[in-house]
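In what follows, every chain begins at residue 1, and chains take the letters A, B, ... in the order their sequences are listed.
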Amino acid sequence: QKEVEQNSGPLSVPEGAIASLNCTYSDRGSQSFFWYRQYSGKSPELIMFIYSNGDKEDGRFTAQLNKASQYVSLLIRDSQPSDSATYLCAVMGTGRRALTFGSGTRLQVQP
Amino acid sequence: EAEVAQSPRYKITEKSQAVAFWCDPISGHATLYWYRQILGQGPELLVQFQDESVVDDSQLPKDRFSAERLKGVDSTLKIQPAELGDSAMYLCASSLRVAGSTDTQYFGPGTRLTVL
């Protein structure tokens, strides 16, 4: 079992719709959770992080965390074609500051 | 805006040759990470430095890879000899370790290595 799992996609949504990206993790002691966006051939770019159960909003992005279910998600409202990219979920575990990444979900926003 | 710098951006080499990558973290960031990202996968940690000390190199193939951060600022990652399976993006990241806050990592542009 992978430590951080994501559906590889592609997830295709029409422009203006809500995109929902999901991630599960295996280490119950994980403390912080990050979402990165990565365009093809580029390096990961931080979108946001969350460490408390519940929702955290930043502009069009909302991260959701449920530690009991070991589940974290990212919602993108009013999706734009420029949001088309791979979204990486990353987890910071117990006593370890390096990140464990999922393989990413490829999002395609159709104009 | 402060950024992590990496060079070169692209490197093509033949197998059995030596290659080296350089990283300059955001000023003041004590923690530096080297990750490797194979196409279609997420980044995987190779080595983590806190200042000039190695904190975690458990996933670094030490028979061919070496990393140093002599003065606790910039860092070099070396591969000798390179193998075909080393073709990947090599990413450097840094973070400002502040007690009581989330340790956010910022990535450089990466070095794309192709081994022929």
Checklist entry - Side chain of A/Ser43, backbone of B/Gly108: donor and acceptor closer than 3.5 Å? => result yes
Next on the checklist: If you compare all heavy atoms of B/Tyr106 against all heavy atoms of A/Leu46, which two are closest, and at what distance to 0.1 Å?
Outcome noted: CE2-CD2, 4.2 Å
Checklist entry - Are more than 12 heavy atoms from other residues, nucleotides or ligands located less than 6.0 Å from atom CG of B/Leu116? => result yes
Next on the checklist: If you count heavy atoms of other groups shown closer than 6.0 angstrom to CD of A/Gln64, is the number above 12?
Outcome noted: yes
Checklist entry - Do the side chains of B/Leu45 and B/Phe107 join up, straight or via other hydrophobic residues, at under 4.5 Å, putting them in one cluster? => result yes
Next on the checklist: Do A/Tyr25 and A/Tyr71 land in one hydrophobic cluster if side-chain heavy atoms of ILVMFWY residues count as linked below 4.5 Å?
Outcome noted: no
Item to check | Positions in residues 85-95 of chain B that reach chain A, provided some heavy atom is under 4.5 Å away | outcome: B/Met89, B/Leu91
Next on the checklist: Quick check: under 4.5 Å, non-hydrogen atoms only, which of residues 103-111 of chain A neighbour chain B?
Outcome noted: A/Ser103
Checklist entry - Is A/Tyr51 reachable from A/Tyr36 through a run of hydrophobic residues whose side-chain heavy atoms are each under 4.5 Å from the next? => result yes
Checklist entry - Do the non-hydrogen side-chain atoms of A/Leu88 and B/Pro43 ever get within less than 4.5 Å of each other? => result yes
Checklist entry - How about residues 26-37 of chain B versus chain A: which residues have heavy atoms under 4.5 Å apart? => result B/Tyr33, B/Tyr35, B/Gln37
Item to check | A/Phe49 side, atom CZ; B/Gln105 side, atom CD - distance, nearest 0.5 Å | outcome: 12.5 Å
Next on the checklist: Does B/Gln80 have more than 12 heavy atoms from other residues, nucleotides or ligands lying within 6.0 Å of its CD?
Outcome noted: no
Checklist entry - Side chain, backbone, both or neither: which part of A/Gln38 has a heavy atom under 4.5 Å from chain B? => result side chain
Next on the checklist: Taking salt bridge (Lys or Arg N to Asp or Glu O under 4.0 Å) as the definition, give me every residue that meets it alongside B/Lys62, ordered by chain and number, with sequence neighbours left out.
Outcome noted: B/Asp57
Checklist entry - Under a single-linkage definition using a 4.5 Å side-chain heavy-atom cutoff for Ile, Leu, Val, Met, Phe, Trp and Tyr, are A/Tyr87 and A/Leu75 assigned to the same hydrophobic cluster? => result no
Checklist entry - Would B/Trp22 and B/Leu77 show up in the same hydrophobic cluster when neighbours are defined by side-chain heavy atoms closer than 4.5 Å? => result no
Item to check | B/Ile38 atom CD1, over 12 foreign heavy atoms within 6.0 Å | outcome: yes
